[in-house]
Every structure is written in structure tokens, then in C-alpha cells.
Amino acid sequence: MTSGRAQSHERGAALRVTDLRVRVALSPGLWGVAHREVVRGVSLEVGRGETLGLVGRSGCGKTTLMRAMLGLIPATGAVWVGGHDLLRLRGRARRRAARSVQAVFQDPGGSLNPSMTVEEAVAEPLVVHGLGGSREDRGRAAMEMLERCGIGRELRRRLPRELSGGQRQRVAIARALMTGPRVLICDEPTSALDASVQAQIVNLLMDLQRERGMAMLLVTHDLGVVAHMADRVGVMDEGELVEAGSVAEILESPRHPATKLLLAASSGTLAS
Ligand SMILES: Nc1ncnc2c1ncn2[C@@H]1O[C@H](COP(=O)(O)OP(=O)(O)OP(=O)(O)O)[C@@H](O)[C@H]1O
Ligand SMILES: [Mg+2]
């Protein structure tokens with residue numbers, strides 16, 4: 001973590017998650033429905049302008065944690081953003097606070113409405129949140145954001161299926177930024193893309209974060225991406241955050257067995 005980032009972090013976390021827990025129902029058995037806790041008391045903080053990389057083996061609960069933070073599945077604990085606990089808010093207050101936390105997922109095809117054009121998809125968050133003035137104003141704002149994300153005017157009337165994977169991910173990023181979020185959650189944002197496009201998307205996310213000072217929570221299985229993008233790293237195992245520290249601490253002197261396993265599994269991809 002650079003000193004500038006450390007200082008902004010000290011001014012208060014943009015995102016603070018405390019004791020987040022998610023229970024899921026297992027298929028019914030002889031003695032009724034059993035439950036399993038798949039996120040088991042996770043607490044973490046991300047400062048303004050800071051990137052926290054979240055890693056852990058497949059099935060350890062990373063996506064479930066993200067979905068719980070976004071209010072997409074029931075959870076207990078607290079998710080503090082801008083002085084509000086998102087898990088406690090309802091109705092209009094919840095929607096207003098939800099503007100500050102946006103997400104980009106692995107499969108941009110799945111997160112974009114197949115029947116909406118690029119421009120409509122990117123303008124839609126302004127409609128949903130009652131922002132952005134007239135239809136023309138919203139269209140203009142959408143085009144500006146799309147251009148910032150590397151999508152030219154000529155693509156604005158295309159449907160998601162008429163775009164490449166990298167273009168779709170750029171559209172998804174533009175859409176996520178339209179409400180001016182304080183926190184951007186990215187769940188495997190480059191895993192579905194080929195290597196050359198991955199690097200472009202990683203660079204775009206880093207540039208946008210620097211410009212806007214967002215806090216970023218970056219879930220990835222790719223330790224190379226973490227080494228490149230993150231200030232700090234958290235390691236999850238079986239629903240718990242088992243280790244956290246600076247990128248150098250975690251990648252160079254891991255303590256927890258789960259971290260050591262991850263590093264051993266990815267040795268060779270960490271040449272950078
Ligand atoms: N709705 C659900 N019902 C039952 N089990 C679930 C449900 N959602 C998630 N799980 C289980 O919770 C665990 C965590 O899943 P999750 O998708 O969060 O893992 P992950 O860390 O994102 O994995 P990956 O790296 O493969 O994306 C898994 O064991 C999964 O099978
Ligand atoms: Mg996942």
C-alpha cells in the first residue's frame with residue numbers, strides 16, 4: 001500500500017463489513033431441511049481509492065459474500081457505506097444507498113439485458129435511480145461514460161449478443177459507474193476474457209478507480225491480477241476470512257495453510 005493510499009484509508013473506510021454471515025438450505029433429508037453457513041462471520045474494510053483483493057479456492061464463499069453485500073441474498077451482520085448499514089435499510093432509503101455500491105460480474109452477458117441496446121443499458125441506472133434529467137441528457141451521459149470505457153458511438157445501438165466479450169465487459173463497467181458509486185465490487189471481472197483483453201480491462205478498472213477514488217473489492221482466483229491491482233489481499237477459506245495483509249505480506253510471506261496452497265497452485269502465473 002502506498003503512503004497516499006494509506007492516508008486516504010485512515011480517513012475512514014468507504015466500505016466496512018462486519019460479521020457477515022450467510023446460511024443456505026441444503027436439500028431436505030430425513031430430519032427436515034438442514035442449513036449450512038457458507039459465509040461465516042466475515043469482517044473487512046476497504047478505504048477510499050483502495051483495492052482489496054479477495055482470493056480463495058473455488059467454493060470458499062467469495063461470490064456468496066459479494067451477493068450478500070449487494071443485498072441479493074439474505075444475510076446477517078452489517079455492510080456500512082456512507083454512514084448507512086445497507087442490510088438494515090428498506091425501500092427508498094435502501095435504493096438510494098444502493099447507488100453507492102455497484103458491481104461488475106464475471107459474465108457480462110448474463111448481467112446485461114439481452115433486449116436492451118448498449119446505450120439503453122448504460123442509461124438505465126439513471127432511470128432506475130431517478131437521476132440524469134431528460135432522455136437526451138441520459139443518452140448523452142451514457143455515451144460519455146461508454147467512450148470513457150472505450151466503446152465508440154458506432155456501437156451504441158448494438159445488442160449485447162452483437163458485441164465481443166471484452167466489449168460487453170466494458171459496457172457492464174460503464175453501466176456500473178453511471179450512479180457514481182463509492183464502492184465497486186468486481187467478481188472475477190476478467191476470468192471470462194482472453195489474455196490480451198484481460199489486461200485491457202484490468203487497466204481500465206485501475207484508471208477509472210484512480211480517477212474516481214472508488215473503493216474496490218476485487219474477487220479473483222488470479223493472483224497475478226491481485227498482485228497487479230490490489231493494495232491489500234484477503235484470503236477466504238471455507239466461508240471465513242483467514243488471512244489479510246498487504247500484497248507483499250500475503251504473496252511473499254503467507255502464514256495460513258490456505259494461502260500457501262493458493263500460492264503453490266498458482267506458482268508460475270506470478271512471474272510479474
Ligand atoms: N443457494 C445456495 N444453496 C446451496 N449452496 C450454495 C448456494 N449458494 C452457494 N452455495 C454453496 O456455497 C459455497 C460457496 O459458493 P460461492 O459461489 O460463494 O463460491 P466461490 O468462492 O465464489 O467459488 P468460485 O471461485 O468457484 O466462484 C459453495 O459450496 C456453494 O456450493
Ligand atoms: Mg465465485
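First listed ligand is number 1; within each ligand, the first listed atom is number 1. Heads up: numbering here begins at 1 and tracks the sequence. All values below come from the heavy atoms of this structure, side chains included, with hydrogens, waters and symmetry mates left out.
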Put together the list of close N/O pairs, under 3.5 Å, between ligand 1 and the protein, could you?
from	atom 1	to	atom 2	distance (Å)
ligand 1	18 (O)	T63	N	3.4
ligand 1	18 (O)	T64	N	2.9
ligand 1	18 (O)	T64	OG1	2.5
ligand 1	19 (O)	G61	N	3.4
ligand 1	21 (O)	C60	N	3.3
ligand 1	21 (O)	G61	N	3.0
ligand 1	21 (O)	K62	N	2.9
ligand 1	21 (O)	K62	NZ	2.9
ligand 1	22 (O)	T63	N	2.9
ligand 1	22 (O)	T63	OG1	2.8
ligand 1	23 (O)	G59	N	2.8
ligand 1	25 (O)	K62	NZ	2.8
ligand 1	26 (O)	S58	OG	2.5
ligand 1	29 (O)	R36	NH2	3.1

Does V104 form a side-chain contact (heavy atoms from CB on, under 4.5 Å) with I185? I'd like the steps, not just the answer. CA-CA 6 Å; V104 173; I185 293 178; over 6 Å; no

Please lay out, stage by stage, how S115 and N113 fare under the test side-chain hydrogen bond (donor to acceptor under 3.5 Å, both in side chains).
-> CA-CA 6 Å; S115 60; N113 181 332; 2.9 Å; yes

For Q106 and S191: C-alpha separation, side-chain torsions, deciding distance, then whether side-chain hydrogen bond (donor to acceptor under 3.5 Å, both in side chains) applies.
CA-CA 6 Å; Q106 173 170 1; S191 305; 4.6 Å; no

Are L54 and L241 close enough, and set up right, to give a side-chain contact (heavy atoms from CB on, under 4.5 Å), and what steps lead you there? CA-CA 9 Å; L54 197 63; L241 193 70; 3.7 Å; yes

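Side chain of R168 to main chain of L163: a donor-acceptor pair is present (N/O by atom type, distance under 3.5 Å, no hydrogens or angles). Remark: the backbone N or O of T51 is paired with a side-chain donor or acceptor of D231 at under 3.5 angstrom.
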Please list every donor-acceptor pair under 3.5 Å in which a side-chain atom of residues 193-201 meets a protein atom from a residue at least two apart or in another chain.
from	atom 1	to	atom 2	distance (Å)
D194	OD1	S196	N	3.4
D194	OD1	S196	OG	3.2
D194	OD1	V197	N	3.4
Q198	NE2	T190	O	3.2
Q198	NE2	L193	O	3.1
Q200	OE1	R170	NH2	3.0

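By the salt bridge (charged side-chain N to carboxylate O under 4.0 Å, His left out) test, E144 is found to be paired with no residue, residues two or more places apart in sequence or in another chain being considered.
Protein N/O/S atoms closer than 2.8 Å to the Mg ion (ligand 2), listed by chain and residue number, are T63 OG1.
Note: R212 CZ to R48 CZ = 12.0 Å, rounded to the nearest 0.5 Å.
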